[in-house]
Amino acid sequence: MQKKCLSVLLPVAVLASACASHPPATANTAPAVAGPSNLSSPEPAAIGRPGQSGPTGRPDTDNTTVDINGRTAAGFSAWVAAFRQRAGAKGVSDQALDAAFGDAHFLPHVISLDNRQPEFSRAIWDYLDTAVSASRVRHGRDKLSQYDALARRVQTHYGVSRYVITAIWGMESNYGSNFGRYETIDALATLGYDGRRETFAERQLYAAMKILADGDISRDDMRGSWAGAMGHTQFLPTSFLAYAVDGDGDGKRDIWGSIPDVVASTANYLSKNGWDSGHPWGREVILPAGFDYTQADGSPRRSTAAWRAIGVKPIDSRGMPEFSAAGILAPAGARGPAFIVGPNFRTILRYNNATSYALAVGLLSDRLAGNPGVQKPWPRQLANLSNSQIRQLQAGLKALGYGSGTPDGIVGPNTRAGIRAFQRAQGQVADGYPTEALLQKINASL
Ligand code: CA
């Protein structure tokens, strides 16, 4: 139906997505170490398109009795009716609206997940232990070998490293074994109804309706995460419209069931977001004594030659990639490993805007390519502070005149700057990394 009608009348939905494939985190749920929500998911589904075998979807669709945070099935139905009116007024046909919402279901579990406020964030090394586990490396090498011809063909065509494409596949869905069973329309409509992400959800719903109208996938097979990211490499509907391609030539863009489509679409996403085929993502380096850690948050950007001139050294005989604009990262402070990261690192951030995620993709891709993992040990002896300890630390810094803003339990640039100022005043290495010892020192100074 109405392909043309929808493209004309829904310009928002067909504009190229400028954001990553993941929804914006809301302030009170942003984890210190972000990443795909499926990392902690306990039960991977069978490989293949979900819904074709095993238990059917809709993990929680008790449409009559559930009341979560004051949200009910009746309220959901009213929201859907109002949304249909708004969409109809914008020219979406009844046929398209019926296809999407004729059998829409409230998913209360989506609201629970969206309101989750973890008390502990994970240390970067804990996150990487899972993200770049031995089994994920092994599994990825198996996939590269199984799809060798395809991976090489796509790498040549798009100029994107097959190891990085495979690493994203591993990060997003454990190579397709776990990409979420939520019906995307239901998940997005539930988020829209819940209200905290209504603008995001509505924009994605328009895009999802266009995907259905284009005939790439059926409503029942359009599945993914609770937050609306779909298929093996977790494209949001707007990202799908902007970047998904038909890799196997059957006329459909099927990121749920066709590995050639998944691999080509992911490569196209990276290519269109500036992938530079001539360079790696980055590499581990050694920082000189006395390094200014205000420069270890990814900016400023300098050429490799300029970093070399101030004492940054390669960690091994592979040397440092020659970047024209590279940042330095030291995610665990002065005690941990450091990395020089180039433009491709920033392209990976366009996929999922979390430094820990992009680092995991880069490190996993290195392992898949047969290169070593991180060489300098992580400071695993340091306990990760809980969110309430971080709030205490922030309040302490503020009381001592080193902080600004309301303590929120999340270590961002302002908190790191405050920690560095305190550390400098104490004559310590000012790396901005929060530890229990630092918190005790702050408390003792109050
Ligand atoms: Ca296809």
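We count ligands from 1, going down the list as the structure has it; atoms in each ligand are counted the same way.
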Please state whether the rings of F240 and W256 are parallel, tilted or perpendicular, taking 30° and 60° as the class boundaries. tilted
Angular separation of D250 OD1 and D261 OD2 about the Ca ion (ligand 1), given to 10°: 150°
Heteroatom of D246 nearest to the Ca ion (ligand 1) (N, O or S, atom name): OD1
Give a yes/no answer: is there an N/O/S atom of D248 under 3.0 Å from the Ca ion (ligand 1)? yes
Give a yes or no on whether K252 keeps an N, O or S atom under 3.0 Å from the Ca ion (ligand 1). yes
Evaluate the ring planes of W125 and Y433, with Trp represented by its six-membered ring, and classify them as parallel (under 30°), tilted (30 to 60°) or perpendicular (over 60°). tilted
In terms of relative ring orientation, are F83 and Y206 parallel, tilted or perpendicular, with 30° and 60° separating the classes? tilted
Can a donor-acceptor pair be found between the side chains of S161 and Q155 at a distance below 3.5 Å? no
